[in-house]
Amino acid sequence: MGWREGPLLGFDLETTGVDTSRDVPVQVALIWTLPHEVLSADSFLVDPGREIPVEAVAIHGISTERARAEGRSLEETAVRLHVAIADAAAAGVPLVAMNANFDVTIAEGLFERFGLPSIEWGALVDPLVLDRHVDRYRRGKRCLDALCTHYRIRLRNAHGAGADAEAAVSLARRIAY
């Protein structure tokens with residue numbers, strides 16, 4: 001059985017911006033899946049401990065006030081991510097993330113910030129990389145919205161971490177077939 005027929009962990013972050021050396025999460029999603037089935041979905045807001053720039057709010061819709069009121073601390077977020085990713089790697093469950101380099105770099109920055117040990121990421125599946133491999137010369141955008149449209153994947157609530165993680169898993173499975 002190949003990775004596409006087994007369990008996958010969808011992972012997505014919505015952040016304070018796009019600078020991986022300084023920006024932090026404001027929303028996290030960890031979606032455990034089997035083919036055609038979501039086993040569990042852990043999606044939560046994060047208090048970034050700073051103002052969320054209006055440019056970021058315009059994309060994901062999470063205000064500073066809402067993140068402060070409803071969000072978990074950055075430290076708790078780092079620990080929860082660390083545990084989930086380590087559990088997936090230990091179980092041989094691939095992690096799926098769209099444009100994975102961004103999310104992985106942000107997560108690793110959190111781990112380092114809170115003194116968590118280096119993590120073994122295990123198998124990482126990125127639908128963006130898969131798409132570039134199977135359809136190298138196709139013109140047009142390759143963002144999550146565009147890939148979902150191209151591969152006929154339903155994307156509810158784009159830029160919500162849960163919906164984006166679930167769509168990334170569906171994309172990875174679809175592209176791999």
Side-chain angles (χ1 to χ4, degrees), residues 3-21 23-46 48 52-63 66-67 71 77 80-81 84-85 88 93-110 121-177:
W3 64 264
R4 65 183 184 223
E5 290 93 17
L8 297 173
L9 174 59
F11 169 54
D12 189 62
L13 302 175
E14 297 301 323
T15 63
T16 55
V18 296
D19 183 342
T20 57
S21 67
D23 287 312
V24 294
V26 297
Q27 188 178 42
V28 172
L30 297 158
I31 311 292
W32 293 88
T33 70
L34 289 174
H36 314 293
E37 179 182 4
V38 172
L39 297 174
S40 70
D42 186 15
S43 182
F44 55 91
L45 294 178
V46 180
I52 302 171
V54 294
E55 299 83 8
V57 174
I59 293 170
H60 52 59
I62 301 165
S63 67
R66 182 173 172 218
T77 299
R80 288 179 71 169
L81 279 173
I85 292 165
V93 175
L95 185 78
V96 178
M98 177 70 182
N99 193 18
N101 187 51
F102 178 82
D103 296 272
V104 167
T105 303
I106 295 281
E108 286 181 336
L110 272 183
W121 284 85
L124 191 58
V125 178
D126 185 339
L128 178 60
V129 172
L130 293 175
D131 178 64
R132 286 179 176 158
H133 178 73
V134 301
D135 202 355
R136 175 179 295 172
Y137 300 107
R138 186 181 74 250
R139 294 183 184 266
K141 292 183 175 183
R142 292 180 190 255
C143 60
L144 182 63
D145 299 6
L147 291 183
C148 284
T149 298
H150 180 76
Y151 289 100
R152 296 186 178 113
I153 299 294
R154 183 171 178 236
L155 176 59
R156 314 167 275 111
N157 187 25
H159 301 294
D164 288 359
E166 196 171 330
V169 169
S170 295
L171 268 173
R173 290 188 199 276
R174 174 83 43 92
I175 295 169
Y177 276 103

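Each residue takes its place number in the sequence, starting with 1.
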Treating [X] as the side-chain partner and [Y] as the backbone partner, does any N or O pair qualify as donor plus acceptor under 3.5 Å?
{"X": "Arg174", "Y": "Arg152", "value": "yes"}
{"X": "Gln27", "Y": "Ala161", "value": "yes"}
{"X": "Asp103", "Y": "Asp12", "value": "no"}
{"X": "Thr33", "Y": "Leu8", "value": "yes"}
{"X": "Asp135", "Y": "Asp131", "value": "no"}

Residue pair [X] / [Y], side-chain heavy-atom distance below 4.5 Å:
{"X": "Pro53", "Y": "Thr16", "value": "yes"}
{"X": "Arg4", "Y": "Pro35", "value": "no"}
{"X": "Ile31", "Y": "Val169", "value": "no"}
{"X": "Leu81", "Y": "Leu30", "value": "yes"}
{"X": "Glu5", "Y": "Tyr177", "value": "yes"}
{"X": "Val26", "Y": "His60", "value": "yes"}
{"X": "Ile153", "Y": "Leu147", "value": "no"}
{"X": "Leu13", "Y": "Val24", "value": "no"}

Spacing of [atom1] belonging to [X] relative to [atom2] belonging to [Y], to within rounding of 0.5 Å:
{"X": "Ile106", "Y": "Glu14", "atom1": "CD1", "atom2": "CD", "value": "11.5 Å"}
{"X": "Leu155", "Y": "Leu171", "atom1": "CG", "atom2": "CG", "value": "8.5 Å"}
{"X": "His150", "Y": "Lys141", "atom1": "NE2", "atom2": "NZ", "value": "15.5 Å"}
{"X": "Ile85", "Y": "Trp121", "atom1": "CD1", "atom2": "CH2", "value": "3.5 Å"}
{"X": "Phe102", "Y": "Asp126", "atom1": "CZ", "atom2": "CG", "value": "13.0 Å"}
{"X": "Thr105", "Y": "Asn101", "atom1": "OG1", "atom2": "CG", "value": "4.0 Å"}

Worksheet item: Could you walk me through whether His36 and Arg173 pass the side chain to side chain contact (heavy atoms under 4.5 Å, CB included) check?
Response: CA-CA 10 Å; His36 314 293; Arg173 290 188 199 276; over 6 Å; no
Which heavy-atom pair separates [X] from [Y] by the least distance, and what is that distance?
{"X": "Trp32", "Y": "Ala84", "value": "CZ2-O, 3.9 Å"}
{"X": "Ala158", "Y": "Asp145", "value": "CB-OD1, 3.6 Å"}
{"X": "Val96", "Y": "Ala172", "value": "CG1-CB, 4.0 Å"}
{"X": "Pro48", "Y": "Ala67", "value": "CD-CB, 3.9 Å"}
{"X": "Pro7", "Y": "Pro94", "value": "O-CD, 3.5 Å"}
{"X": "Ala29", "Y": "Ala165", "value": "CB-CB, 4.1 Å"}

Worksheet item: Is the number of heavy atoms from other residues, nucleotides or ligands under 6.0 Å of Arg136 CZ greater than 12?
Response: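 No, CZ of Arg136 has 12 or fewer neighbouring heavy atoms, counting only those of other groups under 6.0 Å.
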